[in-house]
Amino acid sequence: MALLPILTYPDPRLHTVAKPVQAVDARIRALITDMLETMYDADGIGLAATQVNVHERLVVIDTSQERNQPLVLINPEITWASEEKQVGDEGCLSVPGIYDGVERSTSIKVRALDGDGQSRELAAEGMLAVCIQHEMDHLMGKVFVEYLSPLKRNRIKTKMLKARRDTERV
C-alpha cells in the first residue's frame, strides 16, 4: 500500500481522457488499494485514477460517515440521470481549499465493474450521485472549476499557481 501523489489544478494531465480498464487484475486491485488509502489520507470522499496520473477509467468513493464503505467503479457509465438538477458546493482533492456551486442531476443510475470485475448497476442520489458525476468528469478530463465562470476559473488558477510556487520555494 502506498500514498499516491495527487495532481493539482491547473496541471494539464488532469485534462487527459481516461481509457477503459482492460482487465481487473492484480495491478488494478493494487491501484484500488492505493487510491483508497490516498483518498482517506487526504480526507476526500472520491478519487479518480486521473487525479493520481493513471489515465484509466477507475473511481473510488466513500461517502459514509464512518469511512468504511468504499465503492469501486471500473469503466463506469451513467445509464440514466434525472432531469431534476440541484446546485451544490463541490470541492476537489485536485483543487484544495476551493469550493463552489455546480449543478448536477439529483439522482443517477450507473453501470460499472466492481473491484472483483463483476458487473453491477447502482442507483444513487444526493451526495453519492454528485460524487459519482464529479469523479466521472475527471475520467473525461474535466475538473469541476470548468463549470464556473471564466473569471472565477482564472482566479482559482492564479491562486493554485501561486500556492504551488510558494510550496516549491520552501
Side-chain angles (χ1 to χ4, degrees), residues 1-11 13-16 18 21 28-82 84-116 120-148 152-153 156 159-160 163:
M1 294 183 12
L3 291 179
L4 304 170
I6 298 172
L7 300 177
T8 55
Y9 183 79
D11 191 309
R13 294 171 291 182
L14 288 168
H15 300 294
T16 304
V21 170
I28 291 296
R29 284 191 282 279
L31 179 59
I32 290 166
T33 300
D34 291 346
M35 285 176 60
L36 284 166
E37 184 180 346
T38 301
M39 177 188 73
Y40 289 133
D41 183 72
D43 257 352
I45 60 170
L47 186 67
T50 302
Q51 293 175 271
V52 293
N53 201 29
V54 176
H55 303 287
E56 294 181 76
R57 295 184 58 76
L58 168 61
V59 166
V60 297
I61 293 172
D62 189 342
T63 58
S64 69
Q65 288 291 100
E66 301 79 20
R67 317 293 286 141
N68 64 356
Q69 296 174 27
L71 175 65
V72 174
L73 301 173
I74 299 169
N75 298 333
E77 284 179 66
I78 293 177
T79 58
W80 175 85
S82 66
E84 183 184 344
K85 297 188 185 299
Q86 188 171 352
V87 174
D89 264 2
E90 288 187 26
C92 180
L93 295 177
S94 291
V95 193
I98 305 293
Y99 298 88
D100 213 317
V102 176
E103 184 178 72
R104 303 274 188 191
S105 292
T106 57
S107 53
I108 61 169
K109 289 183 181 171
V110 64
R111 180 177 39 244
L113 299 178
D114 64 18
D116 296 319
R120 61 184 290 190
E121 289 207 45
L122 171 76
E125 55 187 34
M127 188 189 315
L128 180 58
V130 168
C131 190
I132 291 170
Q133 292 170 83
H134 175 108
E135 299 309 331
M136 286 184 65
D137 275 353
H138 280 298
L139 300 180
M140 297 307 299
K142 189 168 187 175
V143 181
F144 90 96
V145 296
E146 292 171 52
Y147 287 100
L148 308 178
K152 277 187 176 180
R153 199 168 43 249
I156 291 167
K159 183 176 182 174
M160 298 301 294

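Scope of the values below: all heavy atoms of this structure, side chains included, with no hydrogens, waters or symmetry mates.
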When V102, I108, T106 are each screened for side-chain contact (heavy atoms from CB on, under 4.5 Å) with R104, the one that passes is V102
What is the minimum heavy-atom distance between V95 and I156, and which atoms define it?
CG1-CG2, 3.8 Å
Would you give the length of the straight line joining atom OG1 of T38 to atom CD of Q51, rounded to the nearest 0.5 angstrom?
10.5 Å
Should we count NZ of K142 as having more than 12 external heavy atoms under 6.0 Å?
yes
What closest approach, in Å, do A129 and A124 show between heavy atoms, and which atom pair accounts for it?
CB-O, 3.6 Å
Distance in Å, I132 CD1 paired with E125 CD, rounded so as to fall on 0.5 Å steps:
11.0 Å
Provide the closest heavy-atom pair for P76 versus M136 in the form atom of the first, atom of the second, distance.
O-CE, 3.4 Å
Using side-chain heavy atoms (C-beta onward) and a distance below 4.5 Å, is E146 in contact with V143?
yes
Closest non-hydrogen atom pair, P70 against Y40:
CB-OH, 3.6 Å
Give a yes or no answer on whether the side chain of D34 reaches the backbone of A2 with a donor-acceptor pair at less than 3.5 Å.
yes
Which residue, M39, H134, E135, M127, forms the side-chain contact (heavy atoms from CB on, under 4.5 Å) with I61?
E135
Reported CD-to-CG distance for the pair E56 and N75, which is rounded to 0.5 angstrom:
9.0 Å
How close do D89 and G101 get, counting heavy atoms only, and between which atoms?
OD1-N, 3.3 Å
Quick check: do Q69 and T63 have side-chain heavy atoms less than 4.5 Å from each other?
no
Under a 4.5 Å cut-off applied to non-hydrogen side-chain atoms, are F144 and S94 in contact?
no
Given side chains that start at C-beta, do those of I32 and V60 come closer than 4.5 Å, heavy atoms only?
yes
Within-4.5 Å side-chain heavy-atom neighbours: P96 and T8
yes
Non-hydrogen side-chain atoms of I78 and S105 separated by less than 4.5 Å
no
Check whether any side-chain heavy atom of L36 sits under 4.5 Å from a side-chain heavy atom of D62, and report yes or no.
no
Kindly compute the distance separating OG1 (T16) from CE (M140), expressed to the nearest 0.5 Å.
12.0 Å
One should read off an interatomic distance between I74 CD1 and R57 CZ, to the nearest 0.5 angstrom, of 12.0 Å
State whether the side chain of S82 and the backbone N or O of S107 hold a donor-acceptor pair below 3.5 Å, judged by distance alone.
yes
Could you go step by step and tell me if L128 and L71 meet the side-chain contact (heavy atoms from CB on, under 4.5 Å) rule?
CA-CA 10 Å; L128 180 58; L71 175 65; 4.0 Å; yes
Between Y9 and R153, is any pair of side-chain heavy atoms under 4.5 Å apart?
yes
With side-chain contact (heavy atoms from CB on, under 4.5 Å) as the criterion, how do H55 and T50 come out once you've worked through the C-alpha distance, each side chain's angles and the decisive distance to 0.1 Å?
CA-CA 5 Å; H55 303 287; T50 302; 3.8 Å; yes
From L47 atom CG to D41 atom CG, the distance as rounded to the nearest 0.5 Å:
11.5 Å
K159, NZ: over 12 other non-hydrogen atoms inside 6.0 angstrom
no
Answer yes or no: are there more than 12 heavy-atom neighbours, outside Q65 itself, under 6.0 Å from its atom CD?
no
Closest approach of L93 to I6 (non-hydrogen atoms, all atoms of both residues)
O-CG2, 3.8 Å
